[in-house]
Amino acid sequence: MNHQIIADRNTILSIEDLAALRENLHEQRLFRQEQLQQIAGAATNRSQALLDRRAASQLEVRVTLAASAGMVLSDVEAALTRMDQGRYGSCHLCRKPIARERLMIVPQARYCARCQHVREAGR
């Protein structure tokens with residue numbers, strides 16, 4: 001018998017779903033940590049070339065990539081914390097369950113699709 005964490009037809013997360021989502025989040029965390037290390041290594045190795053205009057634009061790209069990777073890493077770690085605390089899968093705004101399909105695509109999602117849309121429209 002499958003244990004269900006959230007009981008709604010569109011939001012049912014089984015124990016197996018949660019295990020797969022946790023594994024996905026751990027893989028994403030490792031990838032982002034490695035990505036940040038590689039970006040930092042590239043920046044260090046090319047520090048003398050910063051005087052060159054091309055190197056400056058490459059540095060800007062690396063800084064942007066590092067910021068993006070850092071934000072995703074933070075979201076992944078927050079999702080793992082929510083799992084550990086038993087709060088995973090609930091929207092931070094409306095407190096309703098986040099659709100299973102959404103979590104399978106974006107396991108670090110903090111908001112249901114409706115609230116995410118509202119947040120993005122407000123920017």
Side-chain angles (χ1 to χ4, degrees):
M1 179 177 177
N2 253 353
H3 293 86
Q4 297 174 345
I5 304 304
I6 300 173
D8 179 313
R9 184 170 299 182
N10 295 323
T11 58
I12 296 171
L13 290 176
S14 67
I15 298 298
E16 293 81 10
D17 290 338
L18 284 172
L21 288 164
R22 182 180 295 276
E23 183 177 335
N24 182 312
L25 289 165
H26 281 294
E27 288 172 6
Q28 283 190 53
R29 178 170 56 186
L30 182 61
F31 172 77
R32 296 302 175 176
Q33 288 170 335
E34 290 172 354
Q35 184 181 29
L36 286 168
Q37 288 173 350
Q38 288 173 355
I39 291 168
T44 302
N45 294 338
R46 297 180 184 172
S47 60
Q48 291 97 3
L50 289 179
L51 301 173
D52 180 54
R53 185 180 208 176
R54 183 172 153 209
S57 67
Q58 289 174 348
L59 177 61
E60 186 177 338
V61 169
R62 284 194 302 274
V63 168
T64 302
L65 285 173
S68 177
M71 287 186 339
V72 172
L73 178 59
S74 177
D75 288 346
V76 166
E77 289 176 343
L80 287 166
T81 299
R82 289 192 304 276
M83 274 187 175
D84 292 342
Q85 295 172 345
R87 298 183 298 114
Y88 183 78
S90 295
C91 178
H92 279 242
L93 289 179
C94 69
R95 304 291 185 221
K96 292 180 182 174
I98 299 171
R100 179 184 181 276
E101 293 80 18
R102 177 165 170 73
L103 290 172
M104 290 301 188
I105 295 167
V106 185
Q108 68 270 24
R110 294 174 189 250
Y111 307 103
C112 66
R114 185 185 142 280
C115 289
Q116 182 69 42
H117 179 73
V118 168
R119 284 181 49 85
E120 289 173 1
R123 288 184 184 171

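None of the values given here were measured: they were computed from a predicted structure. One is the number of the first residue; the rest follow in order along the sequence.
Summarising the geometry, atom NE2 belonging to H92 is positioned 11.0 Å from atom CD belonging to Q116; distances are rounded to the nearest 0.5 Å. With rounding to the nearest 0.5 Å, the separation of CG in L13 from CE in M104 is 6.5 Å.
Considering all non-hydrogen atoms of both residues, L18 and M83 come closest at O-CE, 3.7 Å. Closest approach of A69 to L36, counting heavy atoms only: CB-CD2, 3.9 Å. Considering every non-hydrogen atom in both R102 and Y111, the closest pair reads NE-O, 2.8 Å. For the residue pair A79 and L25, the shortest heavy atom distance occurs at CB-CD1, 3.8 Å. Between P97 and C112, the shortest heavy-atom distance links the atoms O-CB, 4.5 Å.
With a 6.0 Å radius and a threshold of 12 heavy atoms from other residues, nucleotides or ligands, H26 has its NE2 atom above the threshold. Counting non-hydrogen atoms of neighbouring residues, nucleotides and ligands closer than 6.0 angstrom, the CD atom of E60 reaches no more than 12 such neighbours.
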Inset, instruction - Begin with the C-alpha distance, continue with both residues' side-chain angles, and end with the deciding distance and a verdict on side chain to side chain contact (heavy atoms under 4.5 Å, CB included) for K96 and R114. - result: CA-CA 10 Å; K96 292 180 182 174; R114 185 185 142 280; 6.0 Å; no
Legend entry - Trace of the side-chain hydrogen bond (donor to acceptor under 3.5 Å, both in side chains) decision for Q37 with Q33: CA-CA 6 Å; Q37 288 173 350; Q33 288 170 335; over 6 Å; no
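Using a 4.5 Å heavy-atom cutoff, the side chains of V118 and L93 are not in contact. Counting heavy atoms from C-beta on, the side chains of L30 and E27 never come closer than 4.5 Å.
Here the side chain of D17 pairs a donor or acceptor atom with the backbone of S14 at under 3.5 angstrom. With Y88 contributing its side chain and P107 its backbone, the two residues share a donor-acceptor pair below 3.5 Å.
Residue pairs that meet the side-chain hydrogen bond (donor to acceptor under 3.5 Å, both in side chains) test with at least one member in residues 66-83, sequence neighbours left out, are D75-R110.
Here R22 pairs with D84 under the salt bridge (charged side-chain N to carboxylate O under 4.0 Å, His left out) rule; sequence neighbours left out.
Under the 4.5 Å side-chain heavy-atom criterion for Ile, Leu, Val, Met, Phe, Trp and Tyr, L80 and L73 are members of distinct hydrophobic clusters. Under a hydrophobic-cluster definition in which Ile, Leu, Val, Met, Phe, Trp and Tyr are linked whenever side-chain heavy atoms come within less than 4.5 Å, directly or via other members, V61 and I39 are assigned to the same cluster.
If you check the side chains of Q35 and R32, you find a donor sitting under 3.5 Å from an acceptor.
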